[in-house]
Amino acid sequence: SRKVQALAGLNFVRAVAECVPGGSPGAPLEDIAGFDSEELTSFCGWRVAETSADLLKTHFEKESRAPMDMLALLENCENNWDAKFAQHEAVLTQVHYGKMAD
């Protein structure tokens, strides 16, 4: 689904994996495998939830800045274009009228 694709792009699995303490290459989840139900619920409700929230906040902050950054870029280009156009127009006018005076 589109939600799965969107979340996959945020690297949720990596972010959650980095929350998991200890482990080894052969048993990467061994440190939490011994958690009882209450400990696992607490770990997920605190550490995984906090990491997920931070990841989403960062994503939405970047996403909300992107249109603003693009708008600022476009305004800057428009302002520069107007200034350059005015300079070129002035030169062309001087050339045109200068040649006509000769």
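Counting from 1, the numbers follow the sequence of the chain as shown.
- Looking at heavy atoms from C-beta onward, Leu29 lies in side-chain contact with Val20 at the 4.5 angstrom threshold.
- Identified under the side-chain hydrogen bond (donor to acceptor under 3.5 Å, both in side chains) test for residues 28-49, with sequence neighbours left out: none.
- Among residues two or more places apart in sequence or in another chain, the side-chain contact (heavy atoms from CB on, under 4.5 Å) test is passed with Leu10 by Leu7, Phe12, Leu55, Leu56, His59.
- For residues 3-27, every residue pair satisfying the side-chain hydrogen bond (donor to acceptor under 3.5 Å, both in side chains) rule, not counting sequence neighbours, is listed here: Arg14-Glu18.
- Between Ala49 and Gly45, the closest heavy-atom pair is CB-O, 3.3 Å.
- Scanning both residues, Thr51 and Cys19, for their nearest heavy atoms gives OG1-SG, 2.9 Å.
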